[in-house]
Amino acid sequence: MTKVLIVDDACEARLIGKYLLRPYNVEVFEASNGKEAWAVIIREKPDVILLDLKMPLMDGFEVLQELHSEAFQIPVIVITSDTSNEVHKLCQALGVLGIFSKPVNLKGFHSTFSNVCQLS
């Protein structure tokens with residue numbers, strides 16, 4: 001079973017993420033910040049990460065940098081309210097497979113998520 005980690009400081013966003021994943025046969029883990037996410041990453045070794053960028057304690061960019069520096073090959077889909085060109089460039093440089101703005105375009109999300117799950 002594919003393991004998916006949803007990382008967002010907003011409880012509502014994590015609930016929506018779980019709802020979006022209902023059609024898939026996946027096991028969902030949650031974290032409300034990057035530090036919690038890193039603990040889940042080490043313990044559960046997720047196959048896919050849905051990641052917000054702006055969070056307390058350890059933000060999404062720090063999680064991406066850690067994944068990159070530790071050579072973890074986990075596909076990451078970023079879901080954020082900041083979709084500036086700078087954010088896109090930084091995410092691409094850190095190997096992000098997809099970036100979605102909040103609120104999420106459901107058709108695009110499902111297409112990207114399906115493709116990512118085929119990779120893992």
Side-chain angles (χ1 to χ4, degrees):
M1 180 177 289
T2 300
K3 294 180 180 182
V4 180
L5 171 58
I6 301 172
V7 188
D8 199 307
D9 58 326
C11 179
E12 301 83 13
R14 294 191 310 273
L15 287 172
I16 291 168
K18 286 171 61 173
Y19 178 78
L20 288 173
L21 298 173
R22 282 180 52 192
Y24 304 93
N25 185 26
V26 298
E27 183 176 7
V28 178
F29 298 89
E30 298 180 50
S32 63
N33 61 61
K35 286 189 182 250
E36 286 180 14
W38 197 248
V40 175
I41 290 166
I42 299 300
R43 184 180 70 242
E44 299 297 336
K45 303 196 181 13
D47 300 298
V48 180
I49 299 173
L50 304 181
L51 180 66
D52 185 24
L53 295 178
K54 295 188 181 199
M55 299 176 289
L57 300 179
M58 181 180 190
D59 69 24
F61 284 117
E62 292 172 300
V63 172
L64 289 170
Q65 289 167 342
E66 281 292 314
L67 287 168
H68 190 72
S69 70
E70 297 291 329
F72 278 90
Q73 300 296 315
I74 303 171
V76 177
I77 298 172
V78 166
I79 301 175
T80 183
S81 56
D82 184 353
T83 57
S84 66
N85 285 338
E86 182 180 336
V87 166
H88 275 267
K89 288 178 185 175
L90 286 169
C91 286
Q92 287 175 338
L94 292 167
V96 169
L97 293 180
I99 303 170
F100 290 90
S101 61
K102 293 179 181 178
V104 174
N105 171 314
L106 296 180
K107 184 177 178 181
F109 172 82
H110 285 293
S111 174
T112 299
F113 186 78
S114 293
N115 289 336
V116 169
C117 284
Q118 291 174 6
L119 295 174
S120 58

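Values below: all heavy atoms of this structure, side chains included; hydrogens, waters and symmetry mates excluded.
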Minimum side-chain heavy-atom gap [X]-[Y] below 4.5 Å:
X: C91; Y: L53; result: yes
X: P46; Y: I41; result: yes
X: E44; Y: L5; result: no
X: V4; Y: L21; result: yes
X: N33; Y: D9; result: no

Following the transitive rule for hydrophobic clusters with a side-chain heavy-atom cut-off under 4.5 Å over Ile, Leu, Val, Met, Phe, Trp and Tyr, establish whether [X] and [Y] coincide in one cluster.
X: L90; Y: V76; value: yes
X: V96; Y: V63; value: yes
X: I77; Y: Y24; value: yes
X: V40; Y: M58; value: yes
X: V26; Y: F100; value: yes

* Would I74 and D47 count as a side chain to side chain contact (heavy atoms under 4.5 Å, CB included) if you check the C-alpha gap in whole Å, the side-chain angles of each, and the deciding distance to 0.1 Å? -> CA-CA 6 Å; I74 303 171; D47 300 298; over 6 Å; no

* Structure fact -> Closest non-hydrogen atoms of A37 and A31, given as atom of the first, atom of the second and distance, are N-CB, 3.4 Å

* Does a side-chain N-to-carboxylate-O contact under 4.0 Å join E30 and R14? ->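 R14 and E30: salt-bridged.
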
* Within the side chain of E66, is there an N or O that forms a donor-acceptor pair under 3.5 Å with the backbone of E62? ->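 Looks like no, no N/O pair under 3.5 Å.
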
* Asked: Please walk me through it: do H88 and I99 pass side chain to side chain contact (heavy atoms under 4.5 Å, CB included)?
  -> CA-CA 7 Å; H88 275 267; I99 303 170; 3.4 Å; yes

Gap between atom [atom2] of [Y] and atom [atom1] of [X] - 0.5 Å precision:
X: D8; Y: M55; atom1: CG; atom2: CE; answer: 7.0 Å
X: L51; Y: I79; atom1: CG; atom2: CD1; answer: 9.0 Å
X: I6; Y: L20; atom1: CD1; atom2: CG; answer: 8.0 Å

* Are D82 and K54 close enough, and set up right, to give a salt bridge (charged side-chain N to carboxylate O under 4.0 Å, His left out), and what steps lead you there? -> CA-CA 9 Å; D82 184 353; K54 295 188 181 199; 3.7 Å; yes

* Using side chain to side chain contact (heavy atoms under 4.5 Å, CB included) as the criterion, point out the one residue from V78, L64, L67 that pairs with L94. =>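 Single pass found, and it is L64.
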
* Just wondering, more than 12 heavy atoms not from K3 lying within 6.0 Å of its NZ? ->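 Yes, NZ of K3 has more than 12 neighbouring heavy atoms, counting only those of other groups under 6.0 Å.
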
* Structure fact -> Applied to residues 39-77, the ring-ring contact (aromatic ring centres under 6.0 Å, His included) test, sequence neighbours excluded, yields W38-F72

